[in-house]
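What follows is one structure encoded as structure tokens, with my remarks underneath.
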There are 2 protein chains.
Amino acid sequence: MKKQNDKTILDLARTLQLSPATISRALNNNPNVKAKTRERILEAASELGYRKNTLASGLRSNKSNTIGLIVPRISMFFHAVVITEIQNLLHQQGYNLIICQSNDSLQLEKELADTLYASRVDAVIVACTLHTTEYTHFDKLLHNGIPVVFYDRVPIVPYEATMVKGDDEKGGYLAGKHLIENGCTRIGYISGPLTCSLYKERTAGFLRALEEQGVSLNPKWTFYQELTYDNAMHALNSMFTSDRTPDGIFTANDLSAIATIDFTRQKNILVPEQLKVIGYSNDPRSAIITPSITTIEQFPVKVGQQVVEKLLHILQQPRQTAIETEIVVTPVELIKRTSA
Amino acid sequence: MKKQNDKTILDLARTLQLSPATISRALNNNPNVKAKTRERILEAASELGYRKNTLASGLRSNKSNTIGLIVPRISMFFHAVVITEIQNLLHQQGYNLIICQSNDSLQLEKELADTLYASRVDAVIVACTLHTTEYTHFDKLLHNGIPVVFYDRVPIVPYEATMVKGDDEKGGYLAGKHLIENGCTRIGYISGPLTCSLYKERTAGFLRALEEQGVSLNPKWTFYQELTYDNAMHALNSMFTSDRTPDGIFTANDLSAIATIDFTRQKNILVPEQLKVIGYSNDPRSAIITPSITTIEQFPVKVGQQVVEKLLHILQQPRQTAIETEIVVTPVELIKRTSA
DNA sequence: TTGTACGCGTTATCAC
DNA sequence: GTGATAACGCGTACAA
């Protein structure tokens, strides 16, 4: 019925003829324990299969050794890799990770922030939804001393938190420059909504490259929309209605680039001869499709490392140093393949 | 400094002139509270922004409302989808999910089982590593009343737990049958290690199909190995050394099938004309590569649903009903594409 | 260096 | 239907 097997520090205290306080100290590496006593205790602990009750410990110390993560979806390759890295590093430090998916729903993101708060997590890591433009649902976390670290999709308005983001401006710039250097003059653009930091910056960089080279973007070939396969197809169909058609397209994710390749097959458009295509993220599919897709690598492992590094740094601080805005930018790189 | 803002049921009790017990009852839908009283309480709770401390609650009730999940890697598409489904369904029921990755390391799997046990999770969901052939590290969970549900990669020896698995025998059979029906007579096979339930069963089904049609498997074209890209390439190289070469290959995952396609390009072998290829899992990449790969769909969403259904059923039972072995088999389906 | 005693917030068990 | 109170297991002032 009950968990009869569960030993507590009281059990240890009894068998060792010591006080529970000493047991607790020994187990928490408190220096005020004689080396020999500690040894005896640790030995007995593993002997009896003692395991600390993290709930009781957390209740007392107001720490749960658990960190929450909110992410749009784990099935996106980029996020899967980032999360894996975060999880492995945190596990090494003795932290548990609660992973939650917002499914790109702002409503759900708010709910999850609440749940994590109620679960007394020690910190929260967030990649926002596509539609998160205000961040008040994270306020109560921050105001109660629970650090929040954003990554990838970060707040687009000033917000006092730590952020780790890819160099999206540069990524957009590299894409634009590469298209033009390869002779494109009639350029199409499929972007995500500008409410999201990623696309706002990719767009800025992309436009900077075009301007620099004196190429202008045709508004009729420019789309800001959720980056689904179907949406890309619609955009492409409308781009290729008149006689004058694009000779280069930059899509702000790889899924849209894949849709573009599929579209060119249907319409017998030759890639890269008649149309050059650049995607974003270096999704594994972009390397496998024919023609393989030129894209922007985001180094997800590095992103994960940075997130954890910053987080541990904050957690080690003597609690409640003033919240500051810190922005870490991780590198990007153009991966040249066949499509451009 | 402190979390001054945190209201407790004592705060509620004080402001409402009620006892903490009543507050607790109202908040937990205990019927022994007058409807009107409950209303007052709930109102005051949301008014004051009360949030139950799940640590304290868990300490007292010996439940954490948290469920642990151990999986080889979340970046595998199949698992990502299963986990997403599990996570969404459990969230609806008020459970948190701690996701852990074993990276296919038995050592780490054991460690994670321990950690989850120490975290007082209410249940554990497991997809084993490739190398898990004994299951004693889950014993202490089961013996302490923590249910364990296996899915996908399940124990290959009798073990008293609930398991949700794909119909791998049928999947293997469908693959074998399809190859032969399409005229293959010289058949190669790249499988995972037979220590893993998946490959053991896929192999059994595959062999059954061959036997049924009177086709025999050439041992020189049969490989049991970890299913990486490089390993597949090695196997293929050795299959295609002599004059007599296979005209059909079944690979027990899609990554190996993708490697096979790449290999045929290098060697100018025509697929499906000279060689037919069937993979397993319906990874998104298998649909995108040229030629697209015929494969076996495993319906990950259904797997996730079954896991949660069984789990909730167990959790609702009056605790510690005898542990029983229950096996749920989820469907598979042949997806016909170009490669076969 | 070690022991005593109390509190963390909730729920279970009694009483009424 | 409601209240008083003792646990749950651990950490930490304070005392020794």
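Because the structure is predicted, anything quoted here is derived from the model rather than measured. Each chain gets a letter, A, B and so on, in the order its sequence line appears, and its residues count up from 1.
- Counting any heavy atom pair closer than 4.0 Å across all strands shown, A/Ser57 reaches sugar-phosphate atoms only and no base atom.
- Within the structure, every side-chain polar atom (N or O) of A/Tyr50 is placed at least 4.0 Å from both OP1 and OP2 of D/dG9.
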Exercise for review: Check the pair A/Glu309, A/Lys302 against salt bridge (Lys or Arg N to Asp or Glu O under 4.0 Å), reporting the backbone distance first and the verdict last.
Suggested key: CA-CA 10 Å; A/Glu309 190 177 307; A/Lys302 276 186 192 159; over 6 Å; no
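- Among the protein residues, B/Thr37 comes within range of the sugar-phosphate backbone only, with heavy atoms under 4.0 Å from sugar or phosphate atoms but none that close to a base.
- Between A/Phe138 and A/Phe150, the distance from one ring center to the other falls under 6.0 angstrom.
- For A/Ala21, counting side-chain heavy atoms from C-beta on, the closest listed nucleotide (D/dT12, D/dC10, C/dT10) is D/dT12.
- Under 3.5 Å, the side chain of B/Arg38 and the base of D/dG1 form no donor-acceptor pair of N or O atoms.
- Here D/dG9 presents its P atom at 12 Å from NZ of A/Lys7, a figure rounded to the nearest Å.
- Ring pair B/Tyr151/B/Phe78 is tilted by interplanar angle, where 30° to 60° counts as tilted.
- In this structure, of D/dC10, C/dG3, C/dT11, it is C/dT11 that holds the atom nearest to the side chain of B/Asn28.
- Residue whose closest nucleotide on DNA chain D sits further toward the 5' end, between A/Arg60 and B/Val33: B/Val33.
- Within 4.0 Å (heavy atoms only), B/Leu18 reaches sugar-phosphate atoms of the nucleic acid but no base atom.
- Atom pair B/Leu10:CG and C/dT10:C1' shows a separation of 9 Å (rounding to whole Å applied).
- Applying the 4.0 Å criterion to OP1 and OP2 of C/dT11, one finds that B/Lys63 has every side-chain N and O outside that range.
- Within 4.0 Å of A/Thr8, counting heavy atoms only, lie sugar-phosphate atoms of the nucleic acid but no base atom.
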